[in-house]
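Here the structure comes first, spelled out in structure tokens, and everything after it is commentary.
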2 protein chains.
Amino acid sequence: MSHMGYVRLMTLDREQVLRSAAALLTRKSTATMDEVAKAAGIGRATLHRHFAGRDALVKALENLGLQEFEAALDAARLDEDTSEEGLRRLIAAVEPSAGLMSFLVNENQLFEGDEVNEGWNRADARVSAFFRRGQERGEFRIDLTPAWLTEALYGLVGTGAWSIQAGRVAAQDFQYMIVELLLGGARRSVEQ
Amino acid sequence: MSHMGYVRLMTLDREQVLRSAAALLTRKSTATMDEVAKAAGIGRATLHRHFAGRDALVKALENLGLQEFEAALDAARLDEDTSEEGLRRLIAAVEPSAGLMSFLVNENQLFEGDEVNEGWNRADARVSAFFRRGQERGEFRIDLTPAWLTEALYGLVGTGAWSIQAGRVAAQDFQYMIVELLLGGARRSVEQ
DNA sequence: CCCATGTGAGACATCTTCGTCTCATCGAAG
DNA sequence: CTTCGATGAGACGAAGATGTCTCACATGGG
């Protein structure tokens, strides 16, 4: 099948390689191309055939992560229902991609002034707009800016993914921990 | 003055170098020894005279960050007053070191299974114990584990430092953003 | 059966960074 | 002024990673 895989946007092999690369780079962001190849169960030469170089690999990971995050944004249906339920759905939808997102968030910090993948600006805008809508509806407090809430969301998702990875918190608590902290904070409120 | 500087635990020069190194590495964690030296306004050779190698430099940064964080823990007097006020004091005390801490938190993720600086375990224990006490006093909710609250604290401090660095949030809001989100979350409560 | 494609292994030159070293210079103490 | 210590600049080899290339092999289609 010389045309195998072209029925999809991304070859199955290629995606599997990206998956394992994401898993490895999430743990060790300085991993070698050779380590990435070994982790994917392929040779370094084959890795280079799929991705021109390390930059191309990282860029592909960016696109994959962005694609998954936007899919999560879609799946969360942030407009429907209450903002709280929307946030719960978003965190739930983003959980499978949390590790990859954590890597990308840290990775983006390296691009000092460089242009960031335009897609991330779009995603940021969607999250930020979600928080702003929640504020306008009176569901979110207005003394925390949407920009900060957006950053905090990314930060907590990354922290959560890493804490689980390090074994400091239980994997099953991922969604609950993040949503509850993000929504209600640590203070014991009268409502409980 | 052949003995200059030895009146202190750390030579003034040495500390200044560490400060600028921390500032640079916070922004670009992969910075070269040469870049670190340039940023400190000294030659690469001199940098190597102060710190045997990159490992030694990072270790020195770890010690500096740990020292500052423990000083912040002391200054916060976490036992006195309410837990809420203690947390406010801690975040306020930690703000000047936020960038360095952000770097170290990310850096620690690289030490896969390696032993972590024992001092960090002590610091973690103090923070974790603070949250546990708050729970026992009925000031913090008990459905979020102290371990997670500790991780979230680190994560938000790092996210805050980075968000300011990136210009996405105002520097003056650092303490308020973090404390308010950590304590009360994003949900608009009846108390307001 | 034969061929084409994709692959793994490895060789290879190149590049970057690192750590060390030398040497000329500068400044302060004596 | 002289001397000693610290510094900056630069050269140097070592080590590691990268990107390219070749070659043998396996598999699947014709």
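Lettering of chains follows the sequences in order, A, B, ..., and the numbering in each one begins at 1. If you're wondering where the values come from, they're calculated on a predicted model, not measured in any experiment. FYI, side chains are in, hydrogens and waters are out, and symmetry mates aren't considered; it's all heavy atoms of this structure.
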For atom [atom1] of [X] and atom [atom2] of [N], their distance in whole Å:
X: Lys38(A); N: dT7(C); atom1: NZ; atom2: C1'; value: 13 Å
X: Arg14(B); N: dA6(D); atom1: CZ; atom2: P; value: 14 Å
X: Ile42(A); N: dT5(C); atom1: CD1; atom2: P; value: 20 Å

- Ignoring hydrogens and angles, are the base of dG8(D) and the side chain of Arg49(B) linked by a donor-acceptor pair under 3.5 Å? yes

- Note on the structure: Smallest heavy-atom separation, Pro146(B) atom then Ser128(B) atom, equals CB-OG, 3.4 Å

Check this for me: does any side-chain nitrogen of one of [X] and [Y] sit under 4.0 Å from a carboxylate oxygen of the other?
X: Glu84(A); Y: Arg88(A); result: yes
X: Arg126(B); Y: Asp79(B); result: no
X: Asp124(A); Y: Arg168(B); result: no

Could you list all N or O pairs between the protein and nucleotides 16-20 of chain C that sit under 3.5 Å apart?
{"unit_1": "dT17(C)", "atom_1": "OP1", "unit_2": "Thr32(B)", "atom_2": "OG1", "d": "3.4"}
{"unit_1": "dC18(C)", "atom_1": "OP1", "unit_2": "Arg54(B)", "atom_2": "NH1", "d": "3.4"}
{"unit_1": "dC18(C)", "atom_1": "OP2", "unit_2": "Met33(B)", "atom_2": "N", "d": "3.0"}
{"unit_1": "dG19(C)", "atom_1": "OP2", "unit_2": "His48(B)", "atom_2": "NE2", "d": "3.2"}
{"unit_1": "dG19(C)", "atom_1": "OP2", "unit_2": "Arg54(B)", "atom_2": "N", "d": "3.4"}
{"unit_1": "dG19(C)", "atom_1": "N7", "unit_2": "Arg44(B)", "atom_2": "NH1", "d": "2.9"}
{"unit_1": "dG19(C)", "atom_1": "O6", "unit_2": "Arg44(B)", "atom_2": "NH2", "d": "2.9"}

- Query: Taking Ser97(A) for the side chain and Glu68(A) for the main chain, is one N or O donor matched with an acceptor at less than 3.5 Å?
  - Reply: no

- Item | Within residues 45-54 of chain A or reaching into it, pairs that qualify as salt bridge (charged side-chain N to carboxylate O under 4.0 Å, His left out) - sequence neighbours excluded | none

